[in-house]
Amino acid sequence: MTDAAAPIIEIRDLHKSFGALEVLKGVDIAARRGQVVSLIGSSGSGKSTLLRCANLLEESQQGEILFEGEPVTWKGQGDRRHPGDKAQVLRIRTNLAMVFQQFNLWAHLTILQNVMEAPVTVLKQDRAEVEDRARKLLDKVGIHDKCDAYPAQLSGGQQQRAAIARALCMEPRALLFDEPTSALDPELEQEVVKVIKALADEGRTMLLVTHDMRLATDLSDHVVFLHQGRIEEEGPPDQLFGNPKTDRLRQFLSATVTA
């Protein structure tokens, strides 16, 4: 496989435990350029842990993680395994920007400062250029008028859109979304869904953990159903949602529809 054909992010036989609790039990997943891959499953199935392992916020005990065909360099084994190249970790985290469920904005910074902080401080980019990019991104997500406001002055939907602008300001190769709408009420949720759909329409590469089956259906090129740390079923959304093959997925979808 050439580098150009390599997935942006690829995970092979990933295992992750927290003490005696084995959360991921040999997972394989890949997201190619422009592809939206959604991860669905019950609480505790390993979805968010998988996402955090992908950009090295969590350290896995076994398996490979590759960014554009380049494998993560590890030191040690098992519980003592950790990334061995700090520069590589920074490059991967920069290029796999994550949007969290709880926004994680800095309360003491304005919205504009929040969006600018990482490119200026971590990437050492020119402040004037970053500010211009940040203002355009806040306009893109529909909150350009909130540049000078603080997070506490914004609604949950506005804060999440600011968090998306912050991720985009890093100019990442892919976006990782961890339940981006689950902390929002239905009206505010739609504000964020609209932004995520627009990003998908632009051809952004995304890994999306979601409880929203409609969002997964509308956005995804590929859907992965995780159950108890393993991939129970995967495929195109019309196949998974229209013709599930496993009893476990049928039970999950039935419970989701009736919830």
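If you're wondering where the values come from, they're calculated on a predicted model, not measured in any experiment.
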Could you walk me through whether H222 and Q35 satisfy the side chain to side chain donor-acceptor pair (under 3.5 Å) test, starting with their C-alpha distance in whole Å, then the side-chain angles of each, then the deciding distance to 0.1 Å, before giving a yes or no? CA-CA 8 Å; H222 191 78; Q35 190 177 36; 5.2 Å; no
What's the shortest heavy-atom distance between I196 and P180, and which atoms? CD1-CG, 3.7 Å
Please give me the minimum heavy-atom distance between V36 and R204, naming the atom from each residue. CG2-O, 4.0 Å
Taking all non-hydrogen atoms of both residues into account, name the closest pair between L176 and N55 and its distance. CD1-CB, 3.8 Å
L199 vs L168 side-chain heavy atoms within contact, under 4.5 Å: yes
Heavy-atom closest contact (R161 atom, G142 atom, distance): NH1-O, 3.7 Å
Decide salt bridge (charged side-chain N to carboxylate O under 4.0 Å, His left out) for D201 and K197; before the verdict, give the C-alpha distance in whole Å, the side-chain angles of both, and the deciding distance to 0.1 Å. CA-CA 6 Å; D201 289 342; K197 285 183 176 180; over 6 Å; no
What do the steps show when you test R81 against E59 for salt bridge (charged side-chain N to carboxylate O under 4.0 Å, His left out), and what is the final call? CA-CA 7 Å; R81 187 173 91 152; E59 294 177 356; over 6 Å; no
Is the backbone of L249 close enough, under 3.5 Å, to the side chain of T246 for a donor and an acceptor to pair up by distance? yes
Separation between CG (L123) and CD (Q125), nearest 0.5 Å, reads 5.0 Å
Other residues, nucleotides, ligands: >12 heavy atoms within 6.0 Å of E202 CD: yes
Worked check of side-chain contact (heavy atoms from CB on, under 4.5 Å) between K75 and R80: CA-CA 8 Å; K75 286 186 177 179; R80 295 186 178 183; over 6 Å; no
Inter-residue atom distance L215.CG - M213.CE, 0.5 Å rounding: 9.0 Å
Heavy-atom check, side chain of N104 versus side chain of R166, under 4.5 Å: yes
Heavy-atom side-chain proximity of F241 to I40 below 4.5 angstrom: yes
Point-to-point distance, once rounded to the nearest 0.5 Å, from CD of Q251 to OG of S42: 9.5 Å
Of L96, L207, L208, L57, which meets side chain to side chain contact (heavy atoms under 4.5 Å, CB included) against L51? L207
Looking only at the side chains, is there a donor atom on one of H211 and E179 sitting less than 3.5 Å from an acceptor on the other? yes
Run the salt-bridge test on R230 and E232 with the 4.0 Å N-O cut-off and return the result as yes or no. no
Rounded to the nearest 0.5 Å, the CZ atom of F100 sits from the CG atom of L105 at a distance of 11.0 Å
Using a 3.5 Å distance criterion without hydrogens, assess whether the side chain of D28 forms a donor-acceptor pair with backbone atoms of D13. yes
Calculate, to the nearest 0.5 Å, the distance between atoms CE and CZ belonging to M98 and R93 respectively. 11.0 Å
Measure the shortest side-chain to side-chain distance between S60 and I65 over non-hydrogen atoms and say whether it is less than 4.5 angstrom. yes
Report yes if the side chains of D79 and Q61 come closer than 4.5 Å at any heavy-atom pair, otherwise no. yes
Nearest heavy-atom contact between S155 and E191 is OG-OE1, 4.5 Å
What verdict does the salt bridge (charged side-chain N to carboxylate O under 4.0 Å, His left out) test give for E68 and R91, after you've listed the backbone C-alpha separation in whole Å, the side-chain angles of each residue and the deciding distance to 0.1 Å? CA-CA 11 Å; E68 295 189 317; R91 185 170 69 254; over 6 Å; no
Which is it for I111 and C147 under the side-chain contact (heavy atoms from CB on, under 4.5 Å) test, yes or no, and what are the steps along the way? CA-CA 5 Å; I111 295 303; C147 284; 5.8 Å; no
Should E131 and R133 be marked as a salt bridge (charged side-chain N to carboxylate O under 4.0 Å, His left out) after you check the CA-CA gap, both sets of side-chain angles, and the distance that decides it? CA-CA 5 Å; E131 180 173 347; R133 185 163 78 241; over 6 Å; no
For the NZ atom of K47 and the CZ atom of R52, what is their distance to the nearest 0.5 Å? 14.0 Å
Can a donor-acceptor pair be found, under 3.5 Å and without considering hydrogens, that links the side chain of Q228 to the backbone of G44? no
Lys/Arg-Asp/Glu bridge criterion (N-O < 4.0 Å) met for D132, K136: yes
For the pair F177 and I164, evaluate side-chain contact (heavy atoms from CB on, under 4.5 Å) and give the outcome as yes or no after the intermediate values. CA-CA 9 Å; F177 288 93; I164 293 172; 3.9 Å; yes
Pair T205-I9, side-chain contact (heavy atoms from CB on, under 4.5 Å): steps then yes or no: CA-CA 9 Å; T205 307; I9 180 71; 5.8 Å; no
Answer yes or no: is there a side-chain heavy-atom contact under 4.5 Å between R173 and F67? yes
Compute whether any side-chain donor of one residue and acceptor of the other, for D148 and T110, lie under 3.5 angstrom apart. no
Decide yes or no for L138 and K146: does some side-chain heavy atom of the first lie under 4.5 Å from some side-chain heavy atom of the second? no
Mind running side chain to side chain donor-acceptor pair (under 3.5 Å) on Q153 and Q158 for me, showing each step along the way? CA-CA 9 Å; Q153 297 172 306; Q158 290 170 332; over 6 Å; no
Quick test of your reading of the model: are R250 and D247 salt-bridged, counting only N-O distances below 4.0 Å? yes
A87 and D85 have their tightest heavy-atom pair at N-OD1, 3.1 Å
